[in-house]
Amino acid sequence: MTATVSLPTIPDPGTTPPVVQPTVFDLSPDILGDWLKARGHPAMRARQIRRWVHTGRATTFAEMSDLPAGLRTELTESFSVFRMSIERHLIATDDTHKLLLKTHDGHFIECVLIQEDDRHTACISTQVGCGMGCVFCASGLNGVERNLTVGELLEQLVRLRNLTPTDRRLTHIVVMGMGEPLANLENLLEALAIAGEKNGLGIGARHVTISTVGLPAKIRKLAEHGKQYHLAVSLHAPNDVLRNEIVPTNEKTGMHEILAAADYFFETTGRQVTYEYVVLGQLNDQPQHAKQLVGLLRGRKAHVNLIPWNDVTGLPFHRPDDSDLTGFIETLRHSGISVKVRKRKGSDIDAACGQLRRAVTNDK
Ligand code: SF4
């Protein structure tokens with residue numbers, strides 16, 4: 001999609017060759033405990049091992065200095081700490097980090113660390129590719145290959161956490177990378193539950209945002225899950241005709257069903273829903289679009305995040321004119337709708353979804 005920016009590739013001390021052994025992130029505490037017991041080790045060692053990877057930043061079993069040497073050897077022979085290798089590591093001038101990870105079966109996925117003051121946010125992928133086909137997105141160009149496993153979801157979080165200063169930790173998760181998160185909901189919920197553990201990464205549900213183009217049944221399931229996750233619906237258009245063009249899966253669902261499910265999410269969890277809107281110059285940013293959006297969201301407890309498009313070589317979309325964007329924002333604000341323009345982070349390293357993966361796979 002775009003050429004890879006020639007920033008230095010940083011060697012990562014945690015990089016390991018691709019292996020097919022299970023990782024500690026693939027093992028539940030019970031399974032790891034049983035494995036230990038079967039070899040004559042106390043099950044409580046499982047807690048120590050998990051602590052080393054979740055909070056101790058260990059990238060090999062050899063570093064786990066309070067484990068007996070024999071156990072460290074046995075662990076190394078049976079498992080690995082990480083399963084993906086770091087293919088690229090880019091750092092932007094605003095200290096946004098982007099990792100291109102290669103899975104054990106040869107796929108590439110992206111994840112991003114966004115840093116602002118005390119806030120360290122991990123943006124993770126949930127699938128290899130994406131089946132939603134949003135017309136402006138590089139991730140969906142070749143469809144979806146497979147869901148990421150619980151271990152692969154957690155590994156992205158831990159690898160990004162390991163890039164924060166040692167006296168810091170991840171504070172937020174946004175599930176907005178490659179893939180449709182709700183199409184991999186079971187694995188995602190399991191990984192987020194582990195990420196939320198106090199003795200682990202300790203990222204509570206209220207600090208997690210799950211994004212979706214809108215799978216109504218899955219939105220309802222997420223609402224009933226009983227956790228205070230924040231839901232972001234990627235709307236991108238104020239009517240079905242335009243949305244069918246921009247988000248092709250809308251033809252099957254329609255906006256009415258999606259908004260009804262989002263309302264249910266709000267009624268069930270009490271959490272305000274955010275509507276994401278990529279602003280494409282002349283396409284969805286005109287006064288009539290703003291008025292239609294007001295008509296859709298009026299009376300709903302909603303917040304709108306506007307994401308002005310930045311020109312990308314090869315794609316027929318344009319950055320919105322400043323005057324159009326300002327007019328759009330004013331129309332929403334005058335109608336009492338909460339709206340923000342999302343700051344663009346990491347723009348010098350192609351931090352937008354799927355662009356680096358596309359550049360690398362096109363190189364090969
Ligand atoms: S924007 Fe998100 S949902 Fe749409 S194709 Fe890209 S990854 Fe999939």
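Every number for a ligand or one of its atoms is a count from 1 in the order of the listing.
- Close contacts of ligand 1 with Cys130, meaning ligand atoms under 4.0 Å from a residue heavy atom, involve 3 (S), 5 (S), 7 (S), 8 (Fe).
- Applying the side-chain contact (heavy atoms from CB on, under 4.5 Å) criterion to Asp95, with sequence neighbours excluded, gives Ile91, His97, Gln115.
- Glu63 has no carboxylate O lying under 4.0 Å from a charged side-chain N of Arg57, or vice versa, which leaves the two without a salt bridge.
- If you number the atoms of ligand 1 from 1 as listed, the ones under 4.0 Å from a heavy atom of Val213 come out as 3 (S).
- Nearest-residue assignment for atom 5 (S) of ligand 1 (options Pro248, Gly177, Cys134; heavy-atom criterion): Cys134.
- Checked against the 6.0 Å centroid threshold, His54 and Phe25 count as a close aromatic pair.
- Taking Asp117 as the reference, nothing meets the side-chain contact (heavy atoms from CB on, under 4.5 Å) condition, with sequence neighbours excluded.
- Close approach of ligand 1 to Gly133 is summarised as follows: ligand atoms under 4.0 Å from at least one heavy atom of the residue are 5 (S).
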Note to self: Working note: Ser78 + Glu74, criterion side-chain hydrogen bond (donor to acceptor under 3.5 Å, both in side chains); need CA distance, chi angles, decisive distance, verdict.
What the structure shows: CA-CA 6 Å; Ser78 301; Glu74 283 179 75; over 6 Å; no
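- Among the atoms of Cys137, an N, O or S atom is found under 2.8 Å from atom 6 (Fe) of ligand 1.
- For ligand 1, the atoms closer than 4.0 angstrom to any heavy atom of Gly179 are 7 (S).
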